[in-house]
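All values below were derived from every heavy atom in this structure, side-chain atoms included, with hydrogens, water molecules and symmetry-related copies excluded. Each residue takes its place number in the sequence, starting with 1.
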Amino acid sequence: MEVFARVVELGGFSAAARSLGMTPSAVSKLMSRLEARLGARLINRSTRSLQLTAEGDAFFQRAVKVLADIAEAEREAGVGAVPRGRVRVNCNIPFGHHYLLPLVPRFLAAYPEVQLDITLIDHVVVDLMQERADVAIRTGPLRESQLIARKLGTSRLSVVASPDYLARHGTPKTLAELEEHNLLAFNFSRILSGWPFLDGEGGNVSTPVAGNLRISDGESLRQLTLAGAGVARLAHFHVGRDIAAGRLVPILEDLNPGDTEEVFAVFIGQDGRLPARVRAFIDFLAQEVRF
């Protein structure tokens, strides 16, 4: 049932096989066995696409609910147990590269009966059921939902550029000079259209972000900034080591309003019911992550 649901969600046998660590032929055989047992065709196959039959659509809707019930049963049964089993983690790319992945060996050494299944992707919206994840790591403001969020840390934001870029284009000393530079930005809608600064008179102003490049994730933006593509605004949890090493230089810090970005672990855990394996992972992050 889980394999069938994954085939439908990802739109193909090969994609489902990759996500499950199986071969496409094994997935195909499982689908054939499932259809034979049910006595009904669930999917019409062609060389280019898959299409659910009416029976397949009805079975998929029920299967999703059944799998959710199983996951809830596991959460309830796992409270207080020895941490064991798979923890599926969906993490944004910067935090994953700079904090999560370096901690993985220590976590697995401390909890040898736990297996981690990690996906690094910079989706802003968190949908744990759709993404088949136990825990999601996200930064910035969160939308209201039934999910539980545990804060892992808070990090200051700064406008930065590489020494090479500043050598070629000059270091801006005023906001007017900053607007003449190539300001790099993200391409998702949650990001504000301008960067906030102090106006020098006790108030705040917003500088429009106009540049020749927008990017989908913070790690790519960091790499482009290090390469001298332009000026970016990033959190210190992401670029603090680059600043300390001189690879990036903060700009207009005297006008920095001091705003911050928070990092959260987001999970399903109403009424305190949380599998031991998931609780162990979240507690480990909360204890070990330091910005």
Side-chain angles (χ1 to χ4, degrees), residues 91-98 121-126 136-145 149 151-244 246-264 266 291:
C91 180
N92 75 0
I93 296 173
F95 186 90
H97 278 291
H98 295 279
I121 190 168
D122 263 1
H123 285 166
V124 176
V125 178
V126 180
I137 309 298
R138 291 295 183 270
T139 60
L142 298 175
R143 295 185 177 183
E144 289 188 10
S145 72
K151 188 166 73 173
L152 300 178
T154 301
S155 185
R156 188 169 179 266
L157 289 143
S158 285
V159 175
V160 295
S162 70
D164 174 67
Y165 175 88
L166 296 175
R168 288 183 286 115
H169 299 280
T171 301
K173 304 297 184 183
T174 65
L175 295 182
E177 291 180 1
L178 179 65
E179 292 180 13
E180 300 299 318
H181 284 259
N182 193 35
L183 307 185
L184 310 180
F186 294 106
N187 60 12
F188 42 86
S189 58
R190 190 193 73 187
I191 296 300
L192 300 176
S193 59
W195 292 346
F197 289 95
L198 301 175
D199 62 7
E201 299 178 358
N204 291 302
V205 294
S206 179
T207 294
V209 181
N212 60 10
L213 181 63
R214 291 181 178 268
I215 199 71
S216 64
D217 67 271
E219 182 59 19
S220 296
L221 183 58
R222 170 181 171 267
Q223 293 291 343
L224 288 165
T225 309
L226 287 169
V231 179
R233 185 172 182 265
L234 291 163
H236 279 232
F237 88 84
H238 193 182
V239 296
R241 294 166 187 166
D242 296 316
I243 293 172
R247 294 185 293 266
L248 291 176
V249 178
I251 296 171
L252 296 173
E253 279 292 275
D254 57 325
L255 298 180
N256 190 327
D259 53 331
T260 59
E261 188 165 76
E262 295 179 322
V263 181
F264 296 94
V266 184
F291 297 153

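Rounding to the nearest 0.5 Å gives a distance of 6.5 Å between CZ of Arg222 and CZ of Arg247. A distance of 11.5 Å separates CG of Leu213 from CG of Leu183, quoted to the nearest 0.5 Å. Note that CZ of Phe197 is 10.5 Å distant from OG1 of Thr174, once rounded to the nearest 0.5 Å. Considering NE2 of His97 and CG of Asp217, their distance stands at 8.0 Å, rounded to 0.5 Å. Rounding to the nearest 0.5 Å gives a distance of 7.5 Å between SG of Cys91 and CZ of Arg138. Atom CZ in Phe95 sits 10.0 Å away from atom OG1 in Thr139 (nearest 0.5 Å).
Contact annotation: the side chain of Ser162 never approaches that of Leu226 to less than 4.5 Å [non-hydrogen atoms, C-beta and beyond]. For the pair Leu175 and Leu252, the minimum side-chain heavy-atom distance is below 4.5 Å. The closest side-chain heavy-atom distance from Val231 to Trp195 is below 4.5 Å. Side-chain contact between Ile243 and Pro250 is present, with at least one heavy-atom pair separated by less than 4.5 Å. The shortest side-chain heavy-atom distance between Val263 and Ile137 falls under the 4.5 Å cut-off.
Formation of a donor-acceptor pair under 3.5 Å by the Arg214 side chain with backbone atoms of Phe186 is found in this model. Within the 3.5 Å criterion, the main-chain N or O of Leu157 finds a donor-acceptor partner in the side chain of Asn256. The main-chain N or O of Gly228 is found under 3.5 Å from a side-chain atom of Arg168 such that the two form a donor-acceptor pair. Within the 3.5 Å criterion, the main-chain N or O of Ala229 finds a donor-acceptor partner in the side chain of Asn182.
Shown here for Glu177 and Thr171, the closest heavy-atom pair between the two residues is OE1-O, 4.0 Å. Smallest separation of non-hydrogen atoms from Pro257 and Asn204: CB-OD1, 3.9 Å. The shortest non-hydrogen separation linking Ala161 to Ile251 is CB-CD1, 3.7 Å. When all heavy atoms are compared, the tightest approach of Val160 to Thr225 is O-CG2, 3.8 Å. The minimum heavy-atom distance linking Ile215 with Ser220 is given by the pair CG1-CB, 3.5 Å. Closest of all the heavy-atom pairs between Ser216 and Asn187 is CA-OD1, 3.3 Å.
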- Item | Working for salt bridge (Lys or Arg N to Asp or Glu O under 4.0 Å), residues Arg156 and Glu253 | CA-CA 11 Å; Arg156 188 169 179 266; Glu253 279 292 275; 2.8 Å; yes

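Side-chain contact of His98 with Glu219: a donor-acceptor pair under 3.5 Å is present, judged by distance alone.
Judged as a ring-ring contact (aromatic ring centres under 6.0 Å, His included), and not counting sequence neighbours, His236 has no contacts.
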